[in-house]
Amino acid sequence: MWIQTETLMKQLGNPGRYQVVIFFLLAFNYNSITFNHLVMAFYGSTPSHFCINPALQPPQSPSEQSSNQQSWVADNRYSVANRTITSVKYDQCGSVYYLKGGANVSVDCTTDVTSEWVYMKNSRESTIVTEWDLVCDSSFLAKVATTVYFCGVMVGGLVFGILADKLGRKPVMLITLYVPILIGIGISFANSYHLFLILRFFQGAFMQGLQTSTFVLAMELFLPQYRGVAGAVLELCWGINVVTLAGVAYLFQSWRYIQLAITLPSLLTLPYFWLIPESPRWLLTRHRFKEAEKWISKMTKYNKLEYPSQMMEDIKLHLDKSEATSARQYTFLDLVATPRIRTRSFVLFYLWFAVAVGYYGLSFSVTSLPGNKYFNFATGGSVELVAYILVVIIIQCFGRRRSLAAFFMVGALSCITAGILSFFSEQGSMMSQFSTGFAVFGKFGMGGVFSLTFLYTSELYPTVIRNIGMGSCAFWARFGGVVAPLVLMLGDVTHKSISVVVFGSITLIAGFMTLLLPETLGQKLPDTIGDTESLRNYRHDQEEDVALKQALAPQGDEVINMTDKLRTDVSVHDTTKH
């Protein structure tokens, strides 16, 4: 069946114009995916703030008062009416007003209802932090919102992944594309933190469903040899959207307007209901021949090719026949059943966890680093985009293992250096600017890691458990997305540099663990668990292939080519990212 389907796809274009057009339409879906995954970097941003009591407050703002000390009389509504206040010691959660004669009055915004926070921001800027005062004792709630979102992502990956196999790729994609429009509009009008939290959870679930169905549908349009390029283009779209998000946030600045700006463009995809085809591969495996014929006819017509009547008949006959024998059903237990695959699985689980923790942690923390948060975020996205491009070149020269370890080390050492410099520097100093620079450069390393990990993992698992292996690794990536905001909370209660150092330490360990894995560049992909355990494929001698082909010539060439083709079917790529 696999051979017939691949032959059919080749007759539909290799690839054809129709497939390319549909692919770029699907790539547009990554706009809302990227924006919603990373927008909490701006929604949860905490500006400088001070606790004040309006009845005691001087005419100047806290920042002006600090450089322009003078006396003033308290408002007569307060208990120290007509007492002269000489100065104020401002703090984030509570301040002290010093009275003439040596007495003082302390105010605490967390307990005193007459006190309030003042945020050092422009009039247009607002975040969920400034709107619902998520500071001091409530500062953890901004990070909780991110954690809740990625919990939704975990649920969405499980639920919509199953539905996409049962109902089809297209209906799941359309549902997860259109429902988030309503949810997104609801988020922009949320009047409480708890409503915001609930809606963001469901948004995360639908976004993961959209990413899964979009990616699978895009990959199933192409033959195996073009899927790597298609996956790389989707990674580039992710990087471009990261930079775009910084521009959108800077343009609107209010989190409610930003939410509308990242939601409403999805209305442009309404024609997808008629334009996007269902996956012909899925339709054929489900014996839905009439629908498959409809879309295949449309493809061939647009690509100016003949309709493959004979091939369609052969596929129908093949599918109508019952299987003589049932294939073995592999499970998660096969990932840990044998020594070599067990070692790879445990290493890869940690690598995927570290990738997600480092990537999302840096993405969410870069806006709180010294400097302009919009510029920092855009710069991080730009270097990430460069990493996606360089990965394609570097892995051909240095292989998978060394390249992945190098990107891990670059990201880890950049984070650790940024954290150390930040710990010993003051806001606005030259050292703090270097700290920001290293943190942004850390995004370069993590971007390269994210892009390379997907390809490397698919080559390490044998064909019979490749989907199971990738799905299990994806779970740990989602778990990393949940943990990253919790690490940021650690920085809130200690020092912000601590969280960046933790991100670096986690990824540094991953860099060393990568060296436990074998190189896969230029090696044939293992088909069975036995192939992997014996290392037959990874220690393949090319001279044996030459001798085998000579012995089987001329029919031998066809046999070897068909075997190679079967072994190089790498159909699984990233469905969780970013």
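In this text the structure is predicted, and so the values were computed from the model without any measurement.
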Please test Phe201 against Val155 for side chain to side chain contact (heavy atoms under 4.5 Å, CB included), starting from the C-alpha separation and ending with a verdict.
CA-CA 9 Å; Phe201 173 85; Val155 173; 4.1 Å; yes
Candidate pair Phe42 and Phe377, rule ring pair (Phe, Tyr, Trp, His ring centres under 6.0 Å), full reasoning
CA-CA 9 Å; Phe42 298 102; Phe377 194 88; 4.9 Å; yes
Mind checking what makes salt bridge (charged side-chain N to carboxylate O under 4.0 Å, His left out) contact with [X], not counting sequence neighbours?
X: Glu125; value: Lys373
X: Arg256; value: Glu131
X: Lys170; value: none
X: Arg169; value: Asp165, Glu220

Could you pull out all residues at least two apart from [X] that satisfy side chain to side chain donor-acceptor pair (under 3.5 Å)?
X: Arg342; answer: none
X: Thr147; answer: none
X: Ser188; answer: none
X: Gln253; answer: Asn122

With a 4.5 Å cut-off on side-chain heavy atoms, are [Y] and [X] touching?
X: Ile262; Y: Ser32; value: no
X: Val144; Y: Met489; value: yes
X: His37; Y: Asn241; value: no
X: Thr507; Y: Val449; value: no
X: Tyr30; Y: Phe215; value: yes
X: Val242; Y: Leu385; value: no

Closest non-hydrogen atom pair between [X] and [Y], with its separation:
X: Pro180; Y: Ile175; result: CD-O, 3.7 Å
X: Tyr272; Y: Leu25; result: OH-O, 2.6 Å
X: Glu278; Y: Pro171; result: OE2-CD, 3.3 Å
X: Tyr18; Y: Leu275; result: OH-O, 3.8 Å
X: Val248; Y: Ala261; result: CG1-CB, 3.8 Å
X: Met446; Y: Val355; result: CE-O, 3.7 Å

Nearest 0.5 Å, what's the CG-OG1 distance between Leu141 and Thr146?
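Result: 11.5 Å between the selected atoms.
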With rounding to the nearest 0.5 Å, note down the distance linking CE in Met299 to CG in Leu221.
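Between atom CE of Met299 and atom CG of Leu221 there are 5.5 Å.
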Heavy-atom neighbours of Tyr257 OH exceed 12 at 6.0 Å
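Result for OH/Tyr257: open.
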Do other residues, nucleotides or ligands put more than 12 heavy atoms under 6.0 Å from the CZ atom of Phe202?
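Not more than 12 within 6.0 Å, no.
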Those residues that, when tested against [X], pass side chain to side chain contact (heavy atoms under 4.5 Å, CB included) (two or more places apart):
X: Val483; value: Phe353, Val357, Phe479, Val487
X: Ser363; value: Leu38, Tyr359, Lys443
X: Ala510; value: Tyr350, Leu351, Ala354, Phe408

Within the side chain of [X], is there an N or O that forms a donor-acceptor pair under 3.5 Å with the backbone of [Y]?
X: Tyr149; Y: Leu197; value: no
X: Thr34; Y: Asn31; value: no
X: Ser279; Y: Leu217; value: no
X: Arg124; Y: Leu251; value: yes
X: Thr130; Y: Ser126; value: no
X: Asn29; Y: Leu177; value: no
X: Arg200; Y: Leu195; value: no
X: Tyr302; Y: Arg17; value: no
X: Thr300; Y: Ser297; value: yes

Cation-pi, Tyr456 ring and Arg400 (6.0 angstrom, 45 degrees)
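So Arg400 doesn't make the cation-pi contact.
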Ile258 and Tyr43: CA distance, side-chain angles, deciding distance, side chain to side chain contact (heavy atoms under 4.5 Å, CB included) verdict
CA-CA 9 Å; Ile258 295 174; Tyr43 288 2; 3.9 Å; yes
Just by distance, with hydrogens left out, do Thr127 and Ser45 show a side-chain donor and acceptor under 3.5 Å apart?
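Result is no, nothing qualifies.
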Check the pair Phe450 / Trp352 against ring pair (Phe, Tyr, Trp, His ring centres under 6.0 Å), numbers first and verdict last.
CA-CA 8 Å; Phe450 229 139; Trp352 280 63; 7.7 Å; no
I want to know whether [X] and [Y] have ring centres closer than 6.0 Å.
X: Trp255; Y: Trp132; value: yes
X: Tyr250; Y: Phe375; value: no
X: Phe349; Y: Phe475; value: no

Anything under 30° is parallel, anything over 60° is perpendicular, the rest tilted; go ahead and classify Phe407 against Phe444.
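Because their plane-to-plane angle lies in the 30° to 60° range, the rings of Phe407 and Phe444 count as tilted.
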Could you go through the side chain to side chain contact (heavy atoms under 4.5 Å, CB included) check for Val153 and Met207 one step at a time?
CA-CA 7 Å; Val153 169; Met207 283 297 106; 5.6 Å; no
Looking at Lys290 and Glu293, is there a salt bridge between them, counting it only when a charged N and a carboxylate O are closer than 4.0 Å?
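Salt bridge: no.
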Under the salt bridge (Lys or Arg N to Asp or Glu O under 4.0 Å) definition, can you give me all pairs with a residue in residues 138-147, not counting sequence neighbours?
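Those involving residues 138-147 are Lys143-Asp492.
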Begin with the C-alpha distance, continue with both residues' side-chain angles, and end with the deciding distance and a verdict on salt bridge (charged side-chain N to carboxylate O under 4.0 Å, His left out) for Arg288 and Glu291.
CA-CA 6 Å; Arg288 293 165 64 169; Glu291 293 179 61; 2.9 Å; yes
Verdict with reasoning, Phe150 to Tyr360, per ring pair (Phe, Tyr, Trp, His ring centres under 6.0 Å):
CA-CA 11 Å; Phe150 279 100; Tyr360 287 114; 4.7 Å; yes
